[in-house]
Amino acid sequence: MSETKPAPKTVADGNTVHGVVAEFSDVDSLLAACERVRDAGYTKADAFTPFPVHGIDKALGIKPTVLPWIALTAGAIGTCTALTMQIWMNGIDYQYIISGKPYISLPAFIPVSFELTILFASFGTFFGMWALNGLPRFSNPMFTSPRFDRATDDTFFLFLDAKDKRFDEAGAKVLLGDLGGEFVEPVVEDDSPKKIPSFLLIGLALVIAFSMIPALLVARMRVTKSSSPRFHVFPDMDFSPAKDAQQISTLFADGRAMRPDVPGTVNRGELDWDVDFQTGIDMEKLAQIDAPRARQLVAMMQSDTEIGEGDGEVAGEESPAEEAVEEVTEEPQTEEPAAEEPMADEPATEEPAADEPAAEEPAADEPEAEMQEEPESVKEESASEEPTAEETATEEPASEEPAAEAPAEEMAAEEAPAEETPAETAPEEAATPAEAEPPTEKPAAPASLAPASGPTVDTTPWLTENPLTVDAEVLARGQQQFNIYCSVCHGMNGRGNGLVNQRAQQILATTWTPPSSLHDQTLYQDAYPDGKLFSTISNGVRKMPGYAAQIRAKDRWAIVSYVRALQASQNATLDDVPASQRKALQAKQAEVQAELEKAAAKAAADAQQSAT
Amino acid sequence: MSLAVPNGLDNSVERPGTRAPLVLGESSYHSITEAVCKIAENPPSKLWVISFLVAVHLATMLGLCIAYLFYTGVGVWGNRNPVFWGWPIVNFVFWVGIGHAGTLISAILYLFRQEWRTSINRTAEAMTIFAVVCAGTFPGIHVGRAWLAFWLAPYPSLNLWMWPQFRSPLLWDVFAVSTYATVSLLFWYMGMVPDLATFRDRSKHPVRRAVYGVLSLGWSGSSRHWMRYEKAYALLAAFAAPLVLSVHTIVSFDFAVSQVPGWHTTIFPPYFVAGAIFSGFAMVITLMVPARSIFNIEKLITIRHLENMCKIILTTGMIVGLAYGTEFFIAWYGQVTEEKFAFINRAMGPYWWAYWTMITCNVISPNIFWWKKARTTPWIMFVVSIFVNIGMWFERFVITVTSLSRDYLPSAWAYFEPTWVDWAMLIGSFGLFFTLFLLFCRLMPIINMAETKATLAKELHMAHKDAH
């Protein structure tokens, strides 16, 4: 073979001769010539044709290609890759639970496996073919002759390679001439310079060098620390104009970031018709004492959205809007009139539309009437409410009434929603503001801060019994909720020394009002009925905010039951403990006592030691 | 060496005992080279320049629409609850369908040794590539945050820390369409290399020669190369043929695997594949009829070629019609309320106009091809092919939109209305398609010269034998 024996080369004009080539003008003469060349013993002859010529493989003795095996191998690799990938990704590493189907579900893996098999096999075929053909090839001595350009047009070439054992230039020329070849000529080495021009090399080097810069920058950034925020190529929603509830938004015309409930809808989990359960007030009794207020409460519960709307506008919007006046200039328009006339109009005009669905209920008509007068009074209340709210915070009595009230408030506030009383003492308008208030379960309404403009006698018919059936489960739930929400201020034991209070004492916070101890006599069931306690949890008192928005009504009742249990625990005797548990308790008591004694003894010993 | 077939010969007439010639006129190898290369070498005609300018402007409009979409968000489309798969998906399925004829002509007709494919396969393959480009654009921008479209790929992500869900047809779709695009591209490019070498060897300008020289990878026409090349071509054809069928099958799974009435049917894969071939051949006719007269290649793309394509359109049109009928039959036979409603709603509901446009264009209009006169008259087939294109777009619209706009829950029903962006993107996608196609016509060999020459060689050989 050529590898073993150096190919005979002839030098003409200083160029290496690679072989001899001849032209043929049609397929049949080419095929005949190929056969003769093959029979003459040439194994390295090759034909160059503008299209694949049938039968030329046989005529030249070309062996079949291994390409199909490459394709098969590549295809098999594709199948394995796809299956491994899917089984690993979905079956093992990241399992999707889909309708209880197996993680490794082969039928579902067929499509991707099929596609990757085809893809890999096609790559194998495509690149395998070029690799076997030795292409792309940058230089080919065949192309030195300009006549060879027609090899891709209409002329057929037969080439005898100088590497062939039987090759000698003169003999090959004669042979090809005899076979009918025209323009028999040697194929000489391409004498154009072999070296790649230096400007290309420099250009390439520069391109490579510059292309490294971004990669290096990225690499550097990954290992260095930076105090500036992350660079966001695509900001996505990282900087969206998101607002918290009750912030001012410029996005909506009403300036509210939090959207009011859609009229005619009930929020999920808020469909509750039991007014007693939601307010802690015995409605039937209230109806006897103060019918308008009871009616309003019922209406509020039944058509939550309408009053909620009005309520929101008065209590909810007022405060953000008031602030908004200073900042948002477009607001005053809606603000001022909203407080004065349109306020009264709005509900009236809105009502028919919103009310329609509820029209079947007979009760729905009454609140409507109520509603129309209500806003006026509510507006008054809200007008007086703002200053008072501030006042309570700053403790600076400054407005008309509160002067007398501020001190009263201190103590009355304990009995938070005591504002009920005006119902009797004051005429309608004075009564209604207070009425608007227990239903303000919404944290937006700072109603608990409303002044109790009258004597502090609480005539509200509070529920005296917890509407829940109190059992161990309810108590456990109450304890859990208490520990989450109440204990931070009131302490785990309810003595009013929770972590927040401790911290406030520690930093000598001047505006801090210490939370009540729940073991105060005034907070016991006889002085402070369950319903009232519930209302306080819901609406807050003094500095304590209402928790209606965070804790569900049922859980608030559970907390009430737990508070009662806490109170009972401080006044209990051994007889209150079930007989079955007394022993365990006594044992525990002995254990604790022993430990305390031990600690005391140790402390004494330590003291002695340090003294000596 | 040349073969003279009378120029006026009607090669669509069968003559018993002879093979109908596929190359007409006084032809030799060189005349084929000349005819094809001249298209790219001569300065562009006025018609080409005008159409190119129009197409480029439309493509630019598509680009601007996409920029607007990225800047504003997918709300610029008409996609609204409950029709979240609006026109972008309709356009995607439409273009993928168009893209199927190319590989079908190249691969399946090659495997069946249908030699008439030789002069149309290049154009059809190019059409495939460009249609897949258009098709791929739509799901790419439909994901909402298109700059995160790479999340579709299974790569070890440090952001997501998860892998894609391989049991979802939408992911199969990613693999199917990207594999199809890749394999079609390989197939098309590999088929072009010998012809690019012809371009290289004919070019006078050094830059042109260098560019075609690089593209043709140093092809010399060696018999050994040809042997491996033909083997590779046959292998790729063998791989591409089932691939074509699988791709539209998987596209149909996007619909069929869901629970939506009108989508959840087992007939979808064959029905989609037939529809794809139908629309693809129609698009080939739409492109070839004007192209052959503009570029003077009637002798290479003869009436017989066109007639064969018309026959395929007729056949697949009937298959599609049968599928429409079968859907209705199964809806009635299955007695599922929602399913029955979905189909009655298609034909009589608010989208009745779309449904009957589809039926008219797809089922009724191809029947004109029962007459040989229609199959051999280019302008008639051009008109019918336009109808089929319209009809197939409407088929995708009907399937996608009518089913979604009214599914199980009547309270969630709504009527879909496209926005101007939807319209502009549909029209713009045609602009992109024709831009690429017109560039291809100017820069690449639009007819497979090597294969056409091989066909001519066979005919010469037989003429030679007949003479003896």
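Residue numbers begin at 1 in each chain, while the letters A, B, ... track the order of the sequences. The model shown is predicted, which means the values in this text are computed figures rather than measured ones.
With a 4.5 Å cut-off on side-chain heavy atoms, A:M129 and B:Y233 do not count as touching. Counting heavy atoms from C-beta outward, A:E115 and B:I250 have side chains that approach closer than 4.5 Å. Between B:L186 and A:F123, some side-chain heavy-atom pair lies under the 4.5 Å cut-off.
When every heavy atom of A:P50 is checked against every heavy atom of B:K453, the shortest pair comes out as CB-NZ, 4.2 Å. Heavy-atom minimum distance, B:S220 versus A:A151: O-CB, 4.4 Å.
Distance alone, capped at 3.5 Å, is enough to place a donor-acceptor pair between the B:H225 side chain and the A:N133 backbone. Between the side chain of B:W172 and the backbone N or O of A:A108, at least one donor-acceptor pair lies under 3.5 Å. A:D153 places no side-chain N or O within 3.5 Å of a backbone atom of B:T198 that could act as its donor or acceptor partner.
Within the 4.5 angstrom heavy-atom criterion, no atom of B:V174 approaches chain A. The contact between A:D57 and chain B is made entirely by side chain atoms (from C-beta outward), counting heavy-atom distances below 4.5 Å. Looking at A:I62, only its side chain comes within 4.5 Å of chain B, counting heavy atoms on both sides. Both the backbone and the side chain of A:L119 come within less than 4.5 Å of a heavy atom of chain B. In this structure, the portion of A:S105 lying under 4.5 Å from any heavy atom of chain B is its side chain and not its backbone. At a 4.5 Å heavy-atom cutoff, the contact between B:E230 and chain A is made by side-chain atoms alone. With a 4.5 angstrom heavy-atom cutoff, B:W226 touches chain A only via side-chain atoms. In this structure, the portion of A:K63 lying under 4.5 Å from any heavy atom of chain B is its backbone and not its side chain. With a 4.5 angstrom heavy-atom cutoff, A:Y96 touches chain B via backbone and side-chain atoms both. Neither the backbone nor the side chain of A:A59 has a heavy atom closer than 4.5 Å to any heavy atom of chain B. Using a 4.5 Å cut-off between heavy atoms, A:F159 makes no contact with chain B at all. Residue A:P68 touches chain B through both its backbone and its side chain, counting heavy-atom pairs closer than 4.5 Å. Only the side chain of B:Y189 comes within contact range of chain A, judged by heavy atoms closer than 4.5 Å.
By the neighbour-count criterion of 12 heavy atoms within 6.0 Å, atom CD1 of A:I97 is sparsely surrounded, having that number or fewer from other residues, nucleotides or ligands. Heavy-atom neighbours of B:Y71 OH from other residues, nucleotides or ligands within 6.0 Å: at or below the threshold of 12.
Interface remark: of the candidates A:F114, A:F109, A:W88, A:F114 forms the most heavy-atom pairs closer than 4.5 Å to chain B. Ranking B:R202, B:R209, B:E34 against chain A, the residue ahead of the rest is B:R209, based on heavy-atom pairs under 4.5 Å. Per-residue counts of heavy-atom pairs under 4.5 Å with chain A were compared for B:S168, B:P242, B:A457; the largest is that of B:P242. Interface summary for chain A: among B:S223, B:A238, B:A234, the most heavy-atom pairs under 4.5 angstrom belong to B:S223. Most heavy-atom pairs under 4.5 Å with chain A: of the set B:W161, B:Y180, B:F175, this distinction falls to B:F175. When the candidates B:A454, B:C37, B:P194, B:S178 are compared by the number of heavy-atom contacts under 4.5 Å with chain A, B:A454 comes out ahead.
Between B:Y29 and A:F156, the angle of the ring planes goes over 60°, which puts this pair in the perpendicular group of the 30/60° scheme.
Once rounded to the nearest 0.5 Å, the distance linking OG1 of B:T179 with CD1 of A:I118 reads 8.5 Å.
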Apply the test side chain to side chain contact (heavy atoms under 4.5 Å, CB included) to residues A:T125 and B:M190: give CA-CA distance (whole Å), side-chain angles for both, the deciding distance (0.1 Å), then the verdict.
CA-CA 11 Å; A:T125 309; B:M190 201 181 95; 5.8 Å; no

